[in-house]
Number of protein chains: 2
Amino acid sequence: MDKPQPGHLKNAGLKSTVPRIRILELFELGQERHMSAEDVYKHLLASGDDVGLATVYRVLTQFEQAGLLTRHNFEGGKSVFELNQGKHHDHIVCLQCGHVEEFYDAAIESRQEKIAAERGFAVHDHSLHIYADCTKKKCPYK
Amino acid sequence: MDKPQPGHLKNAGLKSTVPRIRILELFELGQERHMSAEDVYKHLLASGDDVGLATVYRVLTQFEQAGLLTRHNFEGGKSVFELNQGKHHDHIVCLQCGHVEEFYDAAIESRQEKIAAERGFAVHDHSLHIYADCTKKKCPYK
DNA sequence: TTGCAAATGAGAACTATTATCATTTGCTAT
DNA sequence: ATAGCAAATGATAATAGTTCTCATTTGCAA
């Protein structure tokens with residue numbers, strides 16, 4: 001077999017239920033890396049799964065707390081989730097099409113540490129979002 | 001006289017109306033630097049001004065577009081505004097006490113521009129929030 | 001002043017998310 | 001396997017923040 005292991009769920013202290021397995025599958029096997037609750041809900045409905053929107057919200061929050069997913073609060077009011085695969089990165093978000101691109105920059109990371117330390121803060125975590133317009137052909141909305 | 005000049009409004013192409021003048025005063029003369037729409041609304045009501053919440057939202061958005069205010073989308077779902085005094089800065093937020101400290105780092109700013117340009121994006125704006133714990137005595141919650 | 005477009009206020013509408021609660025489901029001990 | 005029961009679910013109501021609608025008011029130019 002080649003299907004996602006529900007082990008992730010058990011390890012996280014979560015019962016293996018149908019909605020949880022489906023949602024985890026969607027993030028692990030699906031093509032979209034960043035999805036809002038609404039996105040997840042629509043994908044599941046399209047796949048013939050019968051889940052409620054409330055369950056999607058609950059499960060996403062549980063997955064976030066369990067460390068399986070990371071939540072991002074981008075502009076536009078809705079939360080977006082992505083699989084937490086260990087490696088930290090920041091985001092560039094296209095204001096035209098909503099396309100999200102990831103990046104990591106060691107210089108920025110270390111400057112942040114330094115700045116926080118200088119002011120007497122111990123960094124817990126940070127969020128850096130660059131909002132921009134695609135200037136390339138990749139943006140379908142221009 | 002020593003009152004706020006409505007010139008700011010006219011220069012921004014906005015008619016000088018009572019609600020706009022009051023809101024601008026609140027940011028220019030008030031003691032709070034970061035305020036949500038609800039915060040502004042309550043302050044105005046407390047001052048005896050009779051403005052509607054819808055007007056507050058409209059005016060804040062107009063001020064943002066005119067460059068008079070800057071909007072921040074912090075975690076927690078609500079937008080927070082602050083007077084735009086020319087100098088861009090980012091924020092460190094203490095996870096214990098919620099204290100917000102501002103900082104500016106030229107190295108981070110230029111790295112961001114470079115990263116975006118390399119990927120074919122024209123930066124519109126960005127948000128960098130460092131979430132940390134005060135390690136100094138300044139935090140009253142530790 | 002008068003006129004009229006622009007701005008306002010009250011409340012409806014909307015969007016994202018959370019809470020409620022009766023019903024269903026996954027697991028555990030038979 | 002199976003019964004029991006807590007945990008999870010789905011439908012829907014409720015909430016929070018914000019935007020929209022539209023009748024009335026206001027700022028300002030002639």
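Chain identifiers are assigned alphabetically (A, B, ...) following the order of the sequence lines, protein sequences preceding nucleic acid strands; residue numbering begins at 1 within each chain.
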> Are A:His129 and A:Phe74 close enough that their ring centres sit under 6.0 Å apart?
Replying inline: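 Here the rings of A:Phe74 and A:His129 have centres that are less than 6.0 Å from each other.
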> Looking at the rings of A:His91 and A:His72, which for Trp means the six-membered one, are their centres under 6.0 Å apart?
Replying inline: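 Yes - the distance between ring centres of A:His91 and A:His72 falls below the 6.0 Å cut-off.
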Candidates [options] - which lies nearest the side chain of [X]:
{"X": "B:Lys78", "options": "C:dA10, D:dT18, C:dC27", "result": "D:dT18"}
{"X": "B:Asp50", "options": "C:dA10, C:dT8, D:dT12", "result": "C:dA10"}
{"X": "B:Ala37", "options": "D:dG10, C:dG9, D:dT18", "result": "D:dT18"}

Rounded to whole Å, please give me the gap between [atom1] in [X] and [atom2] in [N].
{"X": "B:Lys15", "N": "D:dT25", "atom1": "NZ", "atom2": "P", "value": "16 Å"}
{"X": "B:Gln65", "N": "D:dT19", "atom1": "CD", "atom2": "C1'", "value": "13 Å"}
{"X": "B:Leu14", "N": "D:dG27", "atom1": "CG", "atom2": "C1'", "value": "13 Å"}
{"X": "A:Glu38", "N": "C:dT15", "atom1": "CD", "atom2": "C1'", "value": "10 Å"}

> Quick check: does any side chain N or O of A:Arg20 sit under 3.5 Å from a backbone N or O of A:Lys15, one acting as donor and the other as acceptor?
Replying inline: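 Indeed, once roles are kept as given, a pair shorter than 3.5 Å links the two residues.
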> Do you know the tightest heavy-atom contact between A:Ser16 and A:Ile21?
Replying inline: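 Nearest heavy atoms, A:Ser16 then A:Ile21: CB-CD1, 4.2 Å.
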>> Judged by each residue's nearest nucleotide on DNA chain D, which is more toward the 5′ side, A:Arg20 or B:Thr61?
In response: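 Between the two, 5'-proximity favours A:Arg20.
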> Reckon A:Tyr57 has a side-chain N or O less than 4.0 Å from the OP1 or OP2 of C:dT18?
Replying inline: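 For C:dT18, neither OP1 nor OP2 has a side-chain N or O of A:Tyr57 closer than 4.0 Å.
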> At under 4.0 Å, does any side-chain N or O of A:Thr17 touch on OP1 or OP2 of D:dT9?
Replying inline: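 So the side-chain polar atoms of A:Thr17 do come within 4.0 Å of the phosphate oxygens OP1 or OP2 of D:dT9, strictly under.
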> How would you label the contact of A:Ser79 with the nucleic acid (heavy atoms, under 4.0 Å): base, sugar-phosphate, or nothing?
Replying inline: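 Sugar-phosphate, backbone atoms only, no base.
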> Hey, does B:Thr55 reach any base, or is it just sugar-phosphate, or nothing, if we go heavy atoms under 4.0 Å?
Replying inline: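 Base, at least one base atom sits under 4.0 Å.
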